[in-house]
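This is a predicted model, so every value here is computed, not measured. In listed order, ligands and their atoms are each counted from 1. Position 1 is the first residue of the sequence; numbering continues from there.
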Amino acid sequence: MKIYLDNAATTKMSKTAIDAMLPYLDTVYGNPSSLHSIGQDAAEALSQARHKIADCIGASPEEIIFTSGGSEADNQALISAARIGHKRGQRHIVSTAFEHHAVLHTLRKLEREGFEITLLDVHENGMVSPKQVSDAIREDTCLVSVMYANNEIGTIQPIEEIGRICRAKNVLFHTDAVQAAGHLPIHVKEQHIDMLSLSAHKFHGPKGIGVLYAKKGINITPVIEGGAQERGRRAGTENIPAIMGMAAALAEACAHMESHARQLCALRDRLITGLSQIPHGILNGDSQNRLPGNVHFCFEGIEGESLLLLLDDKGICASSGSACTSGSLDPSHVLLAIGRAHEIAHGSLRLTLSAENTEEQISYTIDAVKETVAYLRSISPIWRDLVEGKKEFLIQ
Ligand SMILES: *Cc1c(COP(=O)(O)O)cnc(C)c1O
């Protein structure tokens with residue numbers, strides 16, 4: 001039996017999402033730009049999906065742009081805001097040190113093009129405060145981009161307040177809501193959000209499809225040139241099956257949001273309590289202000305990679321943090337941003353839950369992690385130095 005605890009990397013598609021896709025892989029195969037009836041059937045489906053997604057986030061259908069996923073949506077939001085800023089002579093952008101690489105690497109590119117980037121420090125509990133944002137905004141700031149929930153440590157940012165500050169100062173506000181969608185309420189109007197990114201495969205929809213929400217009136221720059229799809233904002237024949245799967249998955253996740261959150265929080269807190277018994281370990285991120293299904297620890301004296309491999313042998317699919325950084329030897333930029341030392345950041349474990357996980361799986365996982373950490377420490381020279389007092393423990 002496999003225990004899947006890596007839902008922040010990707011999720012299993014729901015039956016509802018698969019069923020919603022099937023007709024569009026088979027009978028309704030038209031191109032929505034075609035004027036004949038098979039094309040128009042696809043166009044009708046596309047319109048319904050756009051309405052459904054808009055309803056889930058408090059937007060209007062024409063504010064929904066379909067993209068290839070969260071990364072493309074993040075890229076396009078930042079590039080569009082930079083273009084708008086450039087025209088107004090505003091070349092300063094505010095973001096945070098623990099954004100997803102889809103944001104950070106786009107910012108780095110904009111920096112090379114002459115933009116000035118302020119990356120806000122993240123507090124040790126994984127939070128950025130509205131005051132930090134407010135203090136960082138200048139006359140020449142064109143954009144603030146702060147993620148709704150972090151993909152590694154799961155902390156939830158005060159985006160409504162940040163949105164209010166940006167609106168008052170007349171600065172565009174983008175939020176990467178990829179991890180939040182389906183778990184936390186999203187209402188772009190009430191939360192004063194100008195642009196927002198979604199990715200279907202993080203809420204039990206298909207991979208390779210996402211959304212950029214852009215408030216009416218914001219001039220969105222295409223990053224893919226070609227036909228006039230998406231009102232000229234994103235060229236390419238629409239991926240109708242994936243769009244149908246995404247709309248169904250988002251509606252389903254939003255319909256069950258509260259009950260799933262209760263269920264996941266209970267499992268999450270059991271897991272946190274269990275793993276907190278491991279000595280010289282530390283929970284990363286705020287204990288309460290975090291995604292319902294996110295558990296993230298660092299354990300001193302072990303390598304996260306070894307822990308993952310041994311847990312995999314026990315049937316547990318876990319992660320050391322972001323899927324995008326695994327395989328590289330650099331420690332996670334998120335853990336460094338919250339002030340973890342390099343040697344601590346290497347010993348990380350992220351467990352992210354879905355409503356399919358059970359209490360039995362959680363109990364098994366607690367035992368398995370405890371055993372495996374103890375085993376790895378028993379063969380670790382670093383651990384021996386720590387125990388013998390040749391080195392000081394960094395985590396008490
Ligand atoms: C997964 C993820 C992305 C990237 O989404 P893709 O659809 O995989 O491109 C962006 N931001 C966050 C916070 C994510 O977790």
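Between E113 and K109 no salt bridge is recorded (no basic side-chain N to carboxylate O distance below 4.0 Å). Between R340 and E124, at least one side-chain nitrogen of the basic residue sits less than 4.0 Å from a carboxylate oxygen of the acidic one, meeting the salt-bridge criterion.
Residues lining ligand 1 at a heavy-atom distance below 4.0 Å are given as G69, G70, S71, D74, H100, M147, N151, D176, V178, Q179, S199, H201, K202, ordered by chain and residue number.
Residue L110 belongs to a hydrophobic cluster whose other members are I65, L78, I84, I93, V103, L104, L107, F115, I117, L119, L143, L172, M195, L212, I218, I220, with links defined by side-chain heavy atoms closer than 4.5 Å.
A salt bridge (charged side-chain N to carboxylate O under 4.0 Å, His left out) with R50 is found for exactly one of E62, E238, E63, E230, namely E230.
In the model, S363 has a side-chain atom that pairs as donor or acceptor with a side-chain atom of R270 under 3.5 Å. No side-chain donor from either of T155 and D286 sits under 3.5 Å from a side-chain acceptor of the other.
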